[in-house]
Amino acid sequence: MPPTRIVPLVVATALFMENTDSTVIATALPTIAASLGEDPIALKLALTAYLVSLAIFIPVSGWMADRFGARTVFRAALGVFMAGSLACAAADGLTGFVAARFLQGLGGAMMVPVGRLVILRSVPKADLVAALSYLTIPALIGPILGPPLGGLITTWLDWRWIFFINIPIGLAGIVLATLYFEDLREVERPPLDLVGFLLLAPGLAGLMLGLASLGRHLLPDWLSWGCLGGGAGLLLLYLRHARHAAHPVLRLDLMRYPTFRAAVTGGSLFRIGTGAIPFLLPLMLQIGFGLDALRSGLITFAAAAGAMFVKTLGPRILRAFGFRAVMVTNAVAASAFLAVNGLYTAQTPHWLMIGLLFLGGCLRSLQFTCINAIAYADLQQREMSAGTSLASVAQQISLSLGVTLGALALEGAAAWHGRTAIAAGDFGIAFLAVALISGTSVLAFRRLSPDAGAEVSGRRMAAAAPAGAPGRN
């Protein structure tokens, strides 16, 4: 089997485990909160802790792979993720659960970005879209299986069992990486930017912790605002440091490429809405509409099914229309379908919810295919590692912001209606708020040139082919 297929499929094992874990937890969130004696909205800390841990450690994942070898780091990361899963199952309080999720994030920060880096270094640019499709199609099985499986376990067994799903998957990933990964590394690598990391890591952690703790007073107000101010200050210092450092931990100069800049800025705005869905949707179905975890999971899986359905069509759509046209039009449509989630009521037929979620999943998946591919369209081979780190950090921050802003909008809607507890009527405002943010990504995508990323999409080659010549498959 050629590298275009086998390498992405091995990496997909890790992505399958990570995506299954995330969707299972999202479905079980209300039950976990009740078991730990916490408000369901307080469990946003468990979601954001994982994403923040990813954002903190992803910047050094490329350096770790270059220093110790991609295969070695990938296998170690799978082991750390499994250890975090076992710690989640053993947690008996919010603090322990959040800490265990942070440990999982440390493993996730190394396994998926390093695996994606292996793909970028093993696959020609002309085959990149196809390779990324091979990566994401098996990985999307996780979000399809996750909600109903998590609902089944949570409803009929105990929520702690959901974390044991990761163990056999992680062991399979270690075996496959041993068999099929080359231990890629860079002989000449820059030194680790330790000063930059010590500014960036606590800066991101402080900023996101401050945002996540606002609203429900999970921390004293002075501490929340202190985290916000301190985190923002450290990040400003990092920006100053990065301008003068020879090899900064995050290379912000890559934003000079229009395609990479559009993928990072527009992609981050678009992902904010997407990041809110796994948090808002199960809460609406279970707390707002009174469904149990199993019935909730049997509805929410439809979005992942739609995402998987459209993956094979992504390369053909891009070849026909190009990145700019697809990303602009699709961002508007996908954001509109996100807002539609807020129109559901307890009386909405489940088949209608499933159909609309399926279509919304199709649109979001197409957008992510575009964003992930065009980000690397103009980068040089030696810039792939730094580009992967920066794009991945931006992705995790935006997903975390989605959870945080979705929770704040939900709490704000409840306060507007004069209540302290959330109700079904509050979710419409929350979904509309995050949909509007996602819709603003159009402003970034519109700035792309009509032929942006043509080498990756194949549109230029298709247009240049002589009449009657066979098309590319």
Side-chain angles (χ1 to χ4, degrees), residues 15 18-23 25-27 29 44 47-48 50-52 54-55 108 112 132 136 139-140 142-144 146-147 208 262-284 300-311 314 326-342 356-375 391-410 427 430-442 444-445:
L15 198 53
E18 187 176 37
N19 289 350
T20 303
D21 183 82
S22 299
T23 52
I25 289 177
T27 303
L29 206 63
K44 66 183 177 182
L47 300 181
T48 56
Y50 177 81
L51 296 170
V52 169
L54 288 174
V112 176
L132 291 174
T136 51
L140 286 171
I144 293 175
M208 298 312 300
V264 171
T265 57
S268 295
L269 289 169
F270 185 79
R271 280 192 175 93
I272 287 177
T274 301
I277 294 176
F279 177 73
L280 292 176
L281 196 56
L283 285 183
M284 182 178 71
T300 58
F301 90 98
M308 183 173 183
F309 172 79
V310 84
K311 278 301 179 185
V326 173
M327 295 173 79
V328 169
T329 304
N330 197 59
V332 175
S335 299
F337 268 84
L338 177 56
V340 165
N341 291 323
L356 292 173
L357 288 171
F358 181 89
L359 292 175
C362 289
L363 296 172
R364 289 191 297 275
S365 177
L366 176 60
Q367 197 73 358
F368 291 142
T369 296
C370 296
I371 291 169
N372 292 335
I374 201 172
S392 298
V393 168
Q395 174 180 333
Q396 304 311 324
I397 292 174
S398 60
L399 292 174
S400 180
L401 279 173
V403 175
T404 299
L405 296 178
L408 286 174
L410 194 58
F427 288 90
F431 275 114
L432 178 60
V434 294
L436 290 174
I437 296 173
S438 285
T440 61
S441 63
V442 171
F445 301 140

Q.
Quick check against the 3.5 Å criterion: does Q395 have a side-chain atom that pairs as donor or acceptor with the backbone of S268?
A. no

**Q.** Validation row, ring centre F270 to ring centre F445 under 6.0 Å
**A.** no

Q | Minimal non-hydrogen separation, R364 against L357, with atom names | A | NH2-O, 4.5 Å

Q: Could you pull out the closest heavy-atom pair between F337 and L356, with the gap in Å?
A: CD2-O, 3.7 Å

Q. How close do V403 and G275 get, heavy atom to heavy atom, and via which atoms?
A. CG2-O, 3.4 Å

Q) Would a distance-only check, ignoring hydrogens and angles, find a side-chain to backbone donor-acceptor pair under 3.5 Å from T440 to I437? A) yes

**Q.** Side-chain heavy atoms of L401 within contact of M208, under 4.5 Å
**A.** yes

Q. Taking C-beta and beyond as the side chain, do V434 and L338 meet within less than 4.5 Å on heavy atoms?
A. yes

**Q.** Beyond-backbone contact of S400 with T48, side-chain heavy atoms, under 4.5 angstrom
**A.** yes

Q. Are any of the side-chain heavy atoms of F368 and T274 separated by less than 4.5 Å?
A. yes

Q. Is there a donor-acceptor pair closer than 3.5 Å between any side-chain N or O of T329 and the backbone N or O of V326?
A. no

Q) For G267 and I371, which heavy atoms make the closest approach, and how far apart are they? A) CA-CD1, 3.7 Å

(Q) A side-chain contact here means heavy atoms from C-beta on lying under 4.5 Å apart; do Q396 and V52 qualify? (A) no

Q | C362 to G306 - nearest heavy-atom pair and separation | A | SG-O, 3.2 Å

Q. Is any side-chain heavy atom of L269 closer than 4.5 Å to a side-chain heavy atom of V442?
A. no

Q) What are the two closest non-hydrogen atoms of G406 and A276, and how far apart are they? A) CA-CB, 4.5 Å

